[in-house]
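So the structure is just underneath, and the comments pick up after that.
Remember, it's 1-based here, ligands and their atoms both numbered in the order they're listed.
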Amino acid sequence: MLIKKPSDIPPSEITPESVYRARREFMRGGAALLAGGALFSSMAPSMAFGQQGDALKAAAPPGLTRTPPAAWWEEKFEDIRPAPSEEPLYTAEALTPYQDVTRYNNFYEFGMDKSDPSNRSSAFQTDPWSIEVEGEVARPGTYHLEDILKPHDLEERVYRLRCVEAWSMVIPWIGFPLADLIKRFEPTSRARYVEFETVIQSDTMPGIRSPFAIVDWPYREGLRMDEAMNELTFLAVGLYGSFLPAQNGAPIRLVVPWKYGFKSIKSIVRMNFRETQPNTTWNDLQANEYGFYANVNPEVHHPRWRQDMERRLPQTLFSRRVIPTRLFNGYEEQVAHMYKDMDLARYY
Ligand SMILES: Nc1nc2c(c(=O)[nH]1)N[C@H]1C(S)=C(S)[C@@H](COP(=O)(O)O)O[C@H]1N2
Ligand SMILES: [Mo]
């Protein structure tokens, strides 16, 4: 296996993507050694992380990569299980470059332009952070993020993200399955839905203070319990092998890859387990345009635009990559069973 050491790579070549790819190769090499029964040094992956993590931070444009909130956080990132090489937890489709993933965002708490979340989030506070857990669970309470993360091993997943606005990206996330966290709260038999809320940090979120804001804060989302427990449903705490930037929903956000992006709620501070379907932000704003289910579906169009094609980012002047949209964003095999008796045009 041929890996360039960071010192062999000219600085001009060190981009978050190249660092990420080199690290991924390194980690996969380690995993292969282990599988082959060879002596496996647990040092190897963390060394790769240490060195290349520094390179990644150095390569990240100023203001984009936040300082990790605490030492325990850095420790969590020393050992990340790479995604397997096949679908559905990984896709071989080209990654959307770090620049686009972190500069073209929807996070209305910081403003409505795609560039607002990266330009206007530098004061956002993610430490300390806690999540309130309420409703139909045996273990409600306020949990510090450190305690939330402690028992979970971090893993990487490379997922497609399809926004309802008909653009899409491919993003290498770091995180853990939502199901593993939910089990720890011991939901009761009455828990049929889980509701999520985003933080309201008025002093650091200019979109919340704006008189033009259209959202009734906090941003809210929800999933049916079987959707929340699905193997694909993920809580992300990082991307591209490093920390989650504020604009992508630091310090912890949902990723539901078969649903339109607005379901993937950012910067979560509350989870409420309920018997009844929760209200959700976009559904409340415009129910005929944005449903509760919001499953990616090329046959059910938005009232104002078609949903059978998407612009895959990045786009340049010379390449406008328009590709067909797939049912459930290409994750049909893992999720279609949950909707088999439902009319998807009615429950959009
Ligand atoms: N709290 C909150 N979460 C949010 C949003 C938002 O405005 N506020 N936008 C959603 C939308 S519409 C999309 S497409 C994704 C975008 O995630 P990304 O910026 O990490 O690509 O975040 C979703 N989560
Ligand atoms: Mo979106």
Side-chain angles (χ1 to χ4, degrees), residues 64 66 95-121 124 126 129 131 157-175 195-202 204-208 210 212-223 233-240 242-271 280-286 289-291 294-296 302 304-305 307 310-314 325 329:
L64 274 187
R66 306 274 172 251
L95 295 175
T96 300
Y98 187 82
Q99 280 285 342
D100 302 84
V101 172
T102 57
R103 293 274 189 198
Y104 189 92
N105 301 100
N106 278 331
F107 198 166
Y108 278 26
E109 286 84 340
F110 293 105
M112 286 166 59
D113 286 350
K114 293 287 182 283
S115 57
D116 285 340
S118 53
N119 286 336
R120 303 168 81 190
S121 60
F124 187 58
T126 57
W129 194 272
I131 299 183
R157 296 199 178 180
V158 183
Y159 279 158
R160 294 175 285 274
L161 174 89
R162 171 47 160 94
C163 176
V164 73
E165 297 162 343
W167 51 264
S168 64
M169 300 192 189
V170 175
I171 304 178
W173 301 106
I174 304 284
E195 173 186 39
F196 302 86
E197 275 178 27
T198 295
V199 72
I200 297 187
Q201 227 176 73
S202 321
T204 69
M205 292 176 140
I208 287 189
S210 164
F212 305 106
I214 53 171
V215 174
D216 176 19
W217 315 107
Y219 192 98
R220 286 188 194 84
E221 259 309 333
L223 295 172
T233 309
F234 203 57
L235 280 171
V237 296
L239 55 79
Y240 266 110
S242 189
F243 312 102
L244 206 55
Q247 59 268 34
N248 295 95
I252 186 163
R253 61 90 56 86
L254 190 66
V255 179
V256 195
W258 73 94
K259 292 179 179 284
Y260 291 121
F262 65 83
K263 298 295 288 184
S264 291
I265 183 173
K266 296 176 170 179
S267 307
I268 297 166
V269 290
R270 182 166 172 262
M271 290 173 64
T280 55
T281 290
W282 283 101
N283 188 237
D284 283 357
L285 274 170
Q286 204 63 261
E289 299 190 359
Y290 311 101
N295 292 319
V296 175
H302 187 280
R304 292 183 282 129
W305 58 83
Q307 288 295 25
E310 64 200 52
R311 291 185 296 123
R312 175 60 57 84
L313 299 180
T325 288
N329 204 20

Problem set entry | Close side-chain approach of Tyr108 and Ile214, heavy atoms under 4.5 Å | yes
Problem set entry | Sub-4.0 Å heavy-atom contact, Met169 with ligand 1 | no
Exercise. Taking heavy atoms and a distance under 4.0 Å, where does Lys263 meet ligand 1: side chain, backbone, both or neither?
Worked result: neither
For this session: Please say whether Trp173 places an N or O atom under 3.5 Å from an N or O atom belonging to ligand 1.
Result: no
Exercise. How does Arg253 reach ligand 1, if at all, at less than 4.0 Å between non-hydrogen atoms: by side chain, backbone, both, or neither?
Worked result: side chain
Exercise. Counting heavy atoms only, which part of Val101 comes closer than 4.0 Å to ligand 1: side chain, backbone, both or neither?
Worked result: neither
For this session: Measure the distances from the heavy atoms of Ser264 to every atom of ligand 1 and state whether one is below 4.0 angstrom.
Result: yes
Exercise. Got an N/O contact under 3.5 Å between Asn248 and ligand 1?
Worked result: yes
Exercise. Side chain, backbone, both or neither: which part of Asn106 comes within less than 4.0 Å of ligand 1 when only heavy atoms are counted?
Worked result: both
For this session: Hey, can you tell me if His302 and Trp305 have their rings parallel, tilted or perpendicular (30° and 60° cut-offs)?
Result: parallel
Exercise. Do the side chains of Tyr104 and Trp167 get nearer than 4.5 Å, heavy atoms only?
Worked result: yes
Exercise. Side chain, backbone, both or neither: which part of Tyr219 has a heavy atom under 4.0 Å from ligand 1?
Worked result: side chain
